[in-house]
Amino acid sequence: LTTEGIRCLNRPTEKNRTLRVRAGRTTLRRLAASQGRTGQSWGKQALKLRLLSESTGQPIGAGMAFVRDLAHIVDSLACYLGWLWPLWDAKRQTFADKLVKTVVTAEG
Amino acid sequence: VPVRARLVTATPVARCRAAVVRPCSAPERLGLSGLAATAAAFGYPAMTGRAGLGLPCPLRTLTGVPCPLCGMSTAAFRLAGGHVSAALAANPFVLLLGGLTAVMSVLITLRSLGLAPPPARWTAAGQRRARGAVAVLFAASWAFQLHRFGWV
């Protein structure tokens with residue numbers, strides 16, 4: 001992406017808005033399916049992290065992964081503090097993780 | 001190994017020692033996040049030609065009431081642009097976060113070079129004091145934002 005390209009994508013046109021909504025929906029669905037089955041999104045794969053259930057230690061399934069994605073709204077509602085919570089939390093959980101009882105652990 | 005057991009046995013400090021640079025303590029992790037925010041504050045406007053992220057505060061969008069961290073991204077971008085008074089007008093507490101980032105960056109560098117001892121676990125009283133100080137700062141920041149948006 002060039003600087004001009006980013007500027008173009010940032011223009012508040014109707015087409016850009018539709019594109020963003022569609023891309024967001026597809027990404028969320030694919031991420032939930034992949035995170036739920038394997039415990040890994042693309043980012044977690046790159047950083048060798050896994051999303052697991054706190055009680056069973058197994059991936060949580062596409063449905064719960066989607067619920068967790070939705071629960072991230074709570075992280076944003078509290079001044080975005082929920083996203084930063086893992087920085088000082090003993091279990092490194094966001095509010096969404098606490099709600100659906102999941103942890104993100106390093107592989108190995 | 002069950003996740004719960006792994007969380008308990010893998011003590012952060014012991015795991016940290018294996019890596020050259022790995023933030024072990026909460027202040028170090030905050031400092032590194034501050035560095036990432038600093039890079040964004042300098043890089044994003046240069047890349048996109050925009051003045052800021054335009055990150056909306058969900059609480060203010062929904063209720064009209066600002067939250068304690070309102071104005072923080074604006075303040076960071078203005079500070080990066082060299083407009084100190086404009087940054088202070090948006091959220092003066094950005095200076096505290098900037099200071100913490102600077103101090104922790106130096107400390108992490110010294111620690112990774114072996115020139116400073118690794119972080120020690122804070123005492124319960126120390127943790128309580130730190131939590132109290134953060135709560136007071138949050139309250140002060142919230143009062144400032146409520147005043148800024150005409151609520152007080």
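Order of the sequence lines fixes the chain letters, A, B, ..., with proteins taken first and strands second; residue numbering starts at 1 for each chain. What you see below is based on every heavy atom in this structure, not just the backbone, and it leaves out hydrogens, waters and symmetry mates. Computed from a predicted model, the values in this text were never measured in an experiment.
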According to a hydrophobic-cluster definition based on side-chain heavy atoms being under 4.5 Å apart (Ile, Leu, Val, Met, Phe, Trp, Tyr only), do B:L69 and B:L79 belong together? yes
Using distance only, find each side-chain donor-acceptor pair of residues 97-110 of chain B under 3.5 Å and give its atom names and separation, not counting sequence neighbours.
{"unit_1": "B:T101", "atom_1": "OG1", "unit_2": "B:L97", "atom_2": "O", "d": "2.8"}
{"unit_1": "B:S105", "atom_1": "OG", "unit_2": "B:T101", "atom_2": "O", "d": "2.5"}
{"unit_1": "B:T109", "atom_1": "OG1", "unit_2": "B:S105", "atom_2": "O", "d": "2.7"}

Transitive ILVMFWY side-chain link B:F149 to B:F93, under 4.5 Å: no
List the atom pairs, with distances to 0.1 Å, where a side-chain N or O of residues 57-67 of chain B and a protein N or O form a donor-acceptor pair under 3.5 Å, not counting sequence neighbours.
{"unit_1": "B:T61", "atom_1": "OG1", "unit_2": "B:C57", "atom_2": "O", "d": "2.7"}
{"unit_1": "B:T63", "atom_1": "OG1", "unit_2": "B:L59", "atom_2": "O", "d": "2.6"}
{"unit_1": "B:T63", "atom_1": "OG1", "unit_2": "B:V65", "atom_2": "N", "d": "3.2"}

Do any side-chain atoms of residues 78-89 of chain A form donor-acceptor pairs under 3.5 angstrom with protein atoms, and if so which ones, sequence neighbours left out?
{"unit_1": "A:Y80", "atom_1": "OH", "unit_2": "B:P56", "atom_2": "O", "d": "2.5"}
{"unit_1": "A:W83", "atom_1": "NE1", "unit_2": "A:S76", "atom_2": "OG", "d": "3.0"}
{"unit_1": "A:D89", "atom_1": "OD1", "unit_2": "A:K98", "atom_2": "NZ", "d": "3.1"}
{"unit_1": "A:D89", "atom_1": "OD2", "unit_2": "A:K91", "atom_2": "N", "d": "3.1"}
{"unit_1": "A:D89", "atom_1": "OD2", "unit_2": "A:R92", "atom_2": "N", "d": "3.1"}
{"unit_1": "A:D89", "atom_1": "OD2", "unit_2": "A:Q93", "atom_2": "N", "d": "3.0"}
{"unit_1": "A:D89", "atom_1": "OD2", "unit_2": "A:K98", "atom_2": "NZ", "d": "3.4"}

Output the residues of residues 17-27 of chain A for which the shortest heavy-atom distance to chain B is under 4.5 Å, in residue-number order; output 'none' if no such residue exists. none
So if you build clusters from Ile, Leu, Val, Met, Phe, Trp, Tyr with side-chain heavy-atom gaps below 4.5 Å, do B:V134 and B:L95 land together? yes
